[in-house]
Each structure stands twice: as structure tokens, then as C-alpha cells.
Number of protein chains: 2
Amino acid sequence: MPRVSDEHLAARRRQIVDAARRCFLREGFHRTTMHDVIAEAGLSVGAVYRYFPSKASLINAIAEEAIGGAELVLADLARQDPPLPLAEALERALAYVETQVGDDGLLRIAVQVWGEAQRDPALAEFVAGTYAGLRRHFEALVRRAQDGGEISADADPQAVAAALFGLVPGWFIQRILTGGPDRATYLAGVRALLGRSG
Amino acid sequence: MPRVSDEHLAARRRQIVDAARRCFLREGFHRTTMHDVIAEAGLSVGAVYRYFPSKASLINAIAEEAIGGAELVLADLARQDPPLPLAEALERALAYVETQVGDDGLLRIAVQVWGEAQRDPALAEFVAGTYAGLRRHFEALVRRAQDGGEISADADPQAVAAALFGLVPGWFIQRILTGGPDRATYLAGVRALLGRSG
DNA sequence: CCGTCAAGAACGAACGTTCGTTCTACGATG
DNA sequence: CATCGTAGAACGAACGTTCGTTCTTGACGG
């Protein structure tokens, strides 16, 4: 009967998740303490534990947000009509990436999730499934590129999709770790490698 | 005067480093305890602390091993005479990668180092420097490919090098996280994307 | 060839701290 | 005013590290 609105609940939850993301970016999953998250959220211990029963559940929520973020973007790219040339599809994918490589971007969290996935089988399965899904979107793009004659019909679409997909983390890892080439430079390099003028 | 041989000291150090690597692979840097490492090494607390003054120094030693491992391999590739075609250089780089993506491979540690580098500035600088060095080796390969006419002389060698370099982590991340395509498949995909028969 | 001895190497109990989580009391809400 | 969300002190476990002690090594005098 005396209950708070669903909006309030959702807002509180977001408040905690956002605080956790900032903390995890600063200190990594296992070096941030629950008290760090609690202080960052400006709440009390009890309040946070009402929304997340454990630290692990908080890590999971953040991980799903970080890994799942690209799904919608890529699904949309694969669905465009007329089909996007592969170089342009890649460009748009990198444009999304660019919004998420900043100091508080999801992709920095994703890198930490990769590490975590190596010791948490459930998380590993989630990551594997999500990334396989992303790769399938690239595969759809490749098949349509084959229909249009952009790529040899003999090529294995899964293989080409893997190569194309690889170019995405291949870029943002460089960005995050070395400051890396900017998007235009990287794309120019890819196009030169493809032997097209772009 | 009464001292143990240098070989003994080196062997003990390696014994500790190897134990730490196994532990870090199982549990990540901050979930493995010093007691885990000590038990895995079969030594005592004091013995381990004689060789490494802190947990951080142990993490550093492992990180440098994992990140630095590729340097020699790539330097060698860039130095080959006659120059390697780019696709073959990539193939050889991936062959090295393949030896290090197994359950106890260095690249799994490298992924964890990427995460750690986001909160440890000293480690970040080391990683950035090392990876920039690797990219320069690719750049040398690209310049030589341009001399040989394999790639347009107009292309920016740094840009092409970044694209080529990106294909390496782009593969092993897929391997580690999704089981990924095998080396031959991935290379076939890259070659199809390059528009060459291979 | 052996016994001695100083010093380095290894040991592991113990310390202070900090962790994730629990619990009881309080205040706000409909 | 009944009830649920919030608060924050408190708890036991486990952490990284220290330190006083014990064991082992190898040069050296006999």
C-alpha cells in the first residue's frame, strides 16, 4: 500500500548502476568496494542491497549493458535497404564505437568484461552468445554484398564476416590502449588494404 | 660467501612467476590472493616476498611477459628478406598468436592486462609503448610492400599498418571469447576481403 | 676429506586493515 | 497508522604484508 512508484524504483536502480559504472571504470571490478559504489551513488548500504543482492549481480548488470550495447546498432546496419557497401557499414559501426571509447564509454567496461569472462562461465557464455550474434549481423551484410557483386560469391560469408568484425575491436583496442589512429585514418588504412579508393 | 647459485635464484623466480600466471588465469589479478600464489608455487609466504616485494610487482612481472612476448616475433617478420607479402606476414603473426590463445596462453593474460592498464598509469604507458612498437613493425612491412608495388604508394603506411595490426587482436579476441574461426578460415576471410585469391 | 660457522634463504604465525554482507531501528508515504 | 524503503553501525572472514625464527648453503681451517 505505501509503495513508491515504479519510476522511482527504476530511477534508483539507474542511479546505482551509473555509480557502479563510474567506479568500475576507475578501479576495475574487484578493486572497487561496495562502499565505493554506495558513496558514489549517495545512498546507504541498505538501499543498494535492496536493488542488488550482491556485488556479483551488480557486475553482471554492468557487463550486460556494456556487451549488449552494440546489438541494436549492428542489427540496424544489417537491415538497411539498399544494402550498405561493406566499407560504409564498417564506417558506421566505427562511428558508434567512437561514441563509446571515451573515459566513461561502455567499451572500456567491455574490455574488463573480457577479462572477467575468463573466470566466470556464465558471463563467458553471455559474451560468446552476444558476440556471435554481432558476427551474424556482419555475415548478413556480407551475403548481401555478395548478391550485389561487391565480394566474390565463392568466399565463405562466415569467414569474411569474422574478418570484418575483427576490424572493430582491432580498432578500439588501439584507441583505448595507445590513443590509436582516429576513425578516418583507420578507415583509410582499411580501404587501402582493400585495394579500393573508398 | 654462503650464497645460492644464480641459476637457483632464477629458477625460484620462474617458479613463482609460473605459479602466479596459473593463478591469474584462473581468478584474475585481484581475485587471486597472495596465499593462492604461494600455495601454487609450493613455497612459504616469506620465500615469495623475498623475490617480489608486493603483489603489484608480481602483476607487473606477469604483465610485461604477456605484453612483450610478441615483440621479437614481429621484429623478425618485418626484417625478412625478401619482404613478406602482407597476407603472409599476417599469417605468420597469427601463427604465433595461435600458440598463445590456449588455456594457459599469454594472450589470455594480455586481455587482463588491458583491463588493468585502464587504472594503472605506469602499466598503461608500458602497454602503449609496446603496442606502438608492434604497429611500427607493421608499418615497416607496409612500406616495403609499397616499394614492391603490392599496395598503392599513395596510401598512408601508418593507416594501413593500423588496419593490419588490428586484424590480429581482432582475431584472438574472437577466438578467446567465442571459440572463434580457426586461423585458416579467418585468413581466408581476410583474403576475400582484400580481393585476392591468396 | 670433514666439521664449523656466518650469512643468506625459507618459513609461517600473527597483525592491522578492509572487505562484502547482515541486521535492527527509523522515517517517509499513501 | 500500517508498511515498506532507507539508514548506518556492526560482524566475521579474508586480505596483503611483516617479522622473529629456523633451516640450508658453501667457503674455509684443520
Side-chain angles (χ1 to χ4, degrees), chain A residues 1-63 112 115-116 119-120 122-123, chain B residues 1-63 112 115-116 119-120 122-123:
Chain A
M1 305 172 177
R3 214 195 171 106
V4 110
S5 71
D6 283 358
E7 293 80 32
H8 176 88
L9 292 175
R12 269 274 194 275
R13 197 189 146 93
R14 171 138 320 159
Q15 177 181 0
I16 295 168
V17 167
D18 286 349
R21 202 186 55 231
R22 287 192 295 273
C23 290
F24 290 155
L25 277 165
R26 265 202 304 270
E27 288 295 327
F29 291 140
H30 300 296
R31 296 261 311 192
T32 89
T33 71
M34 286 303 278
H35 282 102
D36 290 342
V37 175
I38 287 153
E40 179 82 24
L43 292 173
S44 71
V45 180
V48 169
Y49 270 88
R50 175 162 301 280
Y51 290 85
F52 293 93
S54 69
K55 187 181 181 180
S57 69
L58 198 42
I59 292 177
N60 261 28
I62 298 279
Q112 307 212 34
E116 190 67 6
R119 43 159 245 94
D120 179 341
L123 191 53
Chain B
M1 307 170 179
R3 215 195 170 111
V4 113
S5 72
D6 282 357
E7 291 81 33
H8 175 88
L9 292 175
R12 270 277 194 272
R13 197 187 145 93
R14 170 138 320 160
Q15 177 182 358
I16 295 168
V17 167
D18 286 349
R21 201 186 54 230
R22 286 191 296 272
C23 290
F24 289 155
L25 277 164
R26 264 201 305 270
E27 288 295 326
F29 291 141
H30 299 296
R31 296 259 311 189
T32 90
T33 71
M34 286 303 279
H35 282 99
D36 290 341
V37 175
I38 286 154
E40 179 82 23
L43 291 172
S44 69
V45 179
V48 169
Y49 271 88
R50 175 164 301 281
Y51 290 86
F52 294 92
S54 69
K55 187 181 181 180
S57 69
L58 199 42
I59 292 176
N60 262 30
I62 298 279
Q112 306 213 33
E116 190 67 7
R119 44 159 244 93
D120 178 341
L123 191 55

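Within every chain, numbering begins at 1; the chains are lettered A, B, ... in the order of the sequence lines, protein sequences first and strands thereafter.
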How long is the line joining CE of A:Met34 and C1' of C:dT18, in whole Å? 15 Å
Sub-4.0 Å heavy-atom contacts from residues 13-24 of chain B onto DNA chain D, ordered by number: none
Take the protein atom CZ of B:Arg31 and the nucleotide atom P of D:dA14, then report the distance between them rounded to whole Å. 12 Å
Determine, step by step, whether B:Val17 and B:Phe52 satisfy the side-chain contact (heavy atoms from CB on, under 4.5 Å) criterion, reporting the C-alpha distance in whole Å, the side-chain angles of both residues, the deciding distance to 0.1 Å, and the verdict. CA-CA 10 Å; B:Val17 167; B:Phe52 294 92; 3.6 Å; yes
Report the distance from atom CG of B:Leu43 to atom C1' of D:dT22, rounded to the nearest whole Å. 16 Å
I need the A:Tyr51 OH to A:Ser57 OG distance, nearest 0.5 Å. 13.5 Å
First encountered from the 5' end of DNA chain C, between B:Val45 and B:Leu9: B:Leu9
Would you kindly give the NE2-to-P distance between A:His35 and C:dT17, to the nearest whole Å? 17 Å
Where at least one partner belongs to residues 31-43 of chain B, residue pairs that pass side-chain hydrogen bond (donor to acceptor under 3.5 Å, both in side chains), sequence neighbours excluded: B:Arg22-B:Glu40, B:Arg26-B:Glu40, B:Thr33-B:Asp36
Nearest-nucleotide pick for A:Tyr51, side chain only, options being D:dT17, C:dG20, D:dT6: D:dT6
If you look at every strand shown and take non-hydrogen atoms under 4.0 Å, does A:Phe52 touch a base, only sugar-phosphate, or nothing? nothing
Take atom CG of A:Asp36 and atom P of C:dG20, then tell me their distance rounded to the nearest Å. 8 Å
Which is it for A:Val45 and A:Met34 under the side-chain contact (heavy atoms from CB on, under 4.5 Å) test, yes or no, and what are the steps along the way? CA-CA 8 Å; A:Val45 180; A:Met34 286 303 278; over 6 Å; no
B:Arg50 CZ to C:dA10 C1': how many Å, rounded? 7 Å
Is the backbone of B:Gly115 close enough, under 3.5 Å, to the side chain of A:Gln112 for a donor and an acceptor to pair up by distance? no
Do A:Arg21 and A:Asp18 come close enough that some side-chain heavy atom pair is under 4.5 Å? yes
Grab the CD1-P distance between A:Ile38 and D:dA9 for me, whole Å please. 13 Å
CG/A:Asp120 to CD/B:Glu27 distance, rounded to the nearest 0.5 angstrom? 10.0 Å
C:dA10 phosphate, OP1 or OP2: any side-chain N/O from B:Arg12 under 4.0 angstrom? yes
Should A:Ser44 be listed as having a side-chain N or O under 4.0 Å from OP1 or OP2 of D:dT6? no
How close or far is atom P of D:dC15 from atom NE2 of A:His30, stated in whole angstroms? 13 Å
With a non-hydrogen cut-off below 4.0 angstrom, is B:His8 in contact with a base, only sugar-phosphate, or nothing? sugar-phosphate
